[in-house]
Each structure stands twice: as structure tokens, then as C-alpha cells.
Amino acid sequence: LGCCDTKNRKTPYRLENPEIIASETVFSVSEVEALYELYKKISSAVVDDGLINKEEFQLALFKTNKKESIFAERVFNLFDTKNNGVLDFGEFARALSIFHPDAPLNEKIDFSFRLYDLKQQGYIGREEVKHMMLATLAESGMNLSDEVIENIIDKTFEEADTKHDGRIDKDEWESLVLQHPSLLKNMTLQYLRDITTTFPSFVFYSQVEDT
Amino acid sequence: TKPVTMNAFELISRSQGLNLSNLFEK
């Protein structure tokens, strides 16, 4: 079972102990196992290697691998905490835990901040906001003039950038989202509450006894 | 009170790429 035994390299990817994942997330052991059913589906869509690559992630999000999205890319990279270009089940489950309705608000705030801090500079800059706005508009086919876009960004920074340095730092982001909770709407997935009923087949593979 | 205006992040947060509920849809 050694991690570095080269003979075991071709062994199919094994589920990380669900009890450990459950202890580190808001999920119960059964929920972790049900989530694994979703993970198996996504991770076998292109290459059945037990890992989710970027293409499979985009395919699951958009139902097409032709679509490119800076957001999907950023979300994938944030999920990929080991930074090796693929998501193992532990990374997938731990990241999705942040999206659970019962996850702590500060985790959602932190994740959303890192999401929008595209350049990973520790703050959200004006250029990043414009870049993300243009991407969203292009995605939805909505057309706004540059003047209107600049105006919206001006207003947003007027409100958010309370230190007036042209940047939205973590504290400013926190204040902004507490004023506008709807900005965190996409950080909560109601689906995660019903994960065991969505994927009931997990009971056939369960490695733990019911308590 | 401030006038109600569209916040840039409100618009951005509607991006399809940020809607992870799609992962659960068949």
C-alpha cells in the first residue's frame, strides 16, 4: 500500500479514506461516498484514469469541451491544490465542501476572493474586474458599451474600494459581500445537501458501516 | 441611501463558468 511503490502505479485510483475527508469537511461519510459517485462519472468522461482533468471539468460544467472559460479555468486551478493539473477525489471533495450550504461563510468569502483575484496578487484590480466583466458579457451575448462598463466599474470601486487605492483587498471584499450577500449566491450549491439521494448507489460501494 | 446600481461583481457572478450546479446536472 506504500504510496511510492512503483509496482502499484497502474493500480486504479483508490478512494481516499472517506472518514478522513468527512472529518476535514462538512460532509458526512455517506455524503463523501455519494460525492464519489459524481466524481467517478466526471473523471471517466474523457480518460478513465480516476482523475479529473481540465477537459473533463469543462465538459461537466458546460456539457461541451469546446467552450473555454476563464472562470472554469480559475475554479479548476483553485480546486487543484496540489497544482498538478488534475483533481483527485480528495481535492474535489474538499473544494466542494466550501460550496455546501452549511460551510462557514468565511470560507466562501475567501474562496470567492481568490476566484476573482485572477492574477493572484492578493487584491482584485480594476483591470481584472473589467476582464471578468467582458468575459461574462461575451458569454451571455450581452452587449454593453465601453462607457457603460467603465461606469459600472467606477461605481463598484466607489463602493468597494474604501481605502481608495484602486484595489479591492480581502477586507474590502469581505465588507462588500456582507453588504451584498447575493454576490456569494454561486458559492452555495443546494445540490450538496441532497447528494446521498441524488447518488443513492453509493450504498453498494460503501466501505463503512452505518452508525 | 445609495442609488441602486448594478455592481460589477453581480454581473460577473452570473457567469456560467461560476455556476457549479451544472456539475450535478446530467
Side-chain angles (χ1 to χ4, degrees), chain A residues 38 41-42 57-58 60-63 67-75 92 95-96 99 112 115-116 124 126 129-130 132-133 135-137 139-140 142 144 148-149 151-160 168 173 176-177 179-180 182-187 189-192 194-195 198-199, chain B:
Chain A
L38 170 68
K41 202 178 87 180
I42 299 173
F57 190 73
Q58 299 227 0
L61 265 187
F62 304 120
K63 313 301 164 207
K67 191 161 177 162
E68 284 194 14
S69 159
I70 55 162
F71 299 110
E73 172 121 11
R74 187 79 192 112
V75 172
F92 184 73
L96 277 184
F99 291 80
S112 62
L115 194 57
Y116 295 144
I124 304 168
R126 206 188 150 92
V129 175
K130 185 161 185 179
M132 291 186 282
M133 272 187 81
T136 308
L137 291 169
E139 202 179 71
S140 60
M142 217 161 119
L144 291 182
V148 171
I149 293 170
N151 196 264
I152 293 171
I153 299 173
D154 282 344
K155 291 269 170 13
T156 303
F157 271 75
E158 258 171 48
E159 185 184 3
I168 299 169
W173 176 249
L176 184 73
V177 297
Q179 288 282 320
H180 300 276
S182 67
L183 296 183
L184 290 180
K185 218 169 139 192
N186 56 5
M187 287 302 306
L189 299 168
Q190 293 299 332
Y191 286 85
L192 290 172
D194 308 318
I195 192 83
T198 312
F199 297 97
Chain B
T1 52
K2 289 183 177 181
V4 178
T5 48
M6 167 70 101
N7 183 301
F9 294 106
E10 257 165 51
L11 185 113
I12 294 165
S13 67
R14 291 179 197 174
S15 162
Q16 205 191 340
L18 294 174
N19 187 1
L20 297 195
S21 61
N22 291 337
L23 291 177
F24 300 83
E25 271 154 32
K26 289 175 185 164

Asks: Considering non-hydrogen atoms only, spot the tightest contact between L183(A) and F9(B) and give its length.
Replies: CD2-C, 3.6 Å
Asks: Does L20(B) form a side chain to side chain contact (heavy atoms under 4.5 Å, CB included) with N186(A)? I'd like the steps, not just the answer.
Replies: CA-CA 7 Å; L20(B) 297 195; N186(A) 56 5; over 6 Å; no
Asks: Relative to chain B, which segment of I195(A) carries a heavy atom at a distance below 4.5 Å: side chain, backbone, both, or neither?
Replies: side chain
Asks: Walk me through whether Y116(A) and S13(B) qualify under side chain to side chain contact (heavy atoms under 4.5 Å, CB included).
Replies: CA-CA 10 Å; Y116(A) 295 144; S13(B) 67; 3.5 Å; yes
Asks: Give, as side chain, backbone, both or neither, the part of L115(A) having an atom under 4.5 angstrom from any heavy atom of chain B.
Replies: side chain
Asks: Considering non-hydrogen atoms only, spot the tightest contact between I12(B) and V129(A) and give its length.
Replies: CD1-O, 3.8 Å
Asks: Side chain from CB out, backbone as N, CA, C, O: work out which of these in L176(A) comes under 4.5 Å of a heavy atom of chain B, or both, or neither.
Replies: side chain
Asks: Please classify the contact between M187(A) and chain B as side chain, backbone, both or neither, with a heavy-atom cut-off of under 4.5 Å.
Replies: neither
Asks: Roughly how far apart are L23(B) CG and Y191(A) OH, rounded to 0.5 Å?
Replies: 10.5 Å
Asks: Strictly distance-based, threshold 3.5 Å: is any side-chain N or O of S69(A) a donor or acceptor partner for the main-chain N or O of G17(B)?
Replies: no
Asks: Report which part of L38(A) has an atom under 4.5 Å of a heavy atom belonging to chain B: side chain, backbone, both, or neither.
Replies: side chain
Asks: Between L18(B) and T136(A), does a side chain to side chain contact (heavy atoms under 4.5 Å, CB included) hold up when you go through it step by step?
Replies: CA-CA 10 Å; L18(B) 294 174; T136(A) 308; over 6 Å; no
Asks: Can a donor-acceptor pair be found, under 3.5 Å and without considering hydrogens, that links the side chain of Q16(B) to the backbone of E139(A)?
Replies: no
Asks: If we ignore hydrogens and angles and just use 3.5 Å, is the side chain of K63(A) paired with the main-chain N or O of N22(B) as donor and acceptor?
Replies: yes
Asks: The test is side chain to side chain contact (heavy atoms under 4.5 Å, CB included); show your working for F24(B) and T198(A) and say whether it passes.
Replies: CA-CA 9 Å; F24(B) 300 83; T198(A) 312; 5.8 Å; no
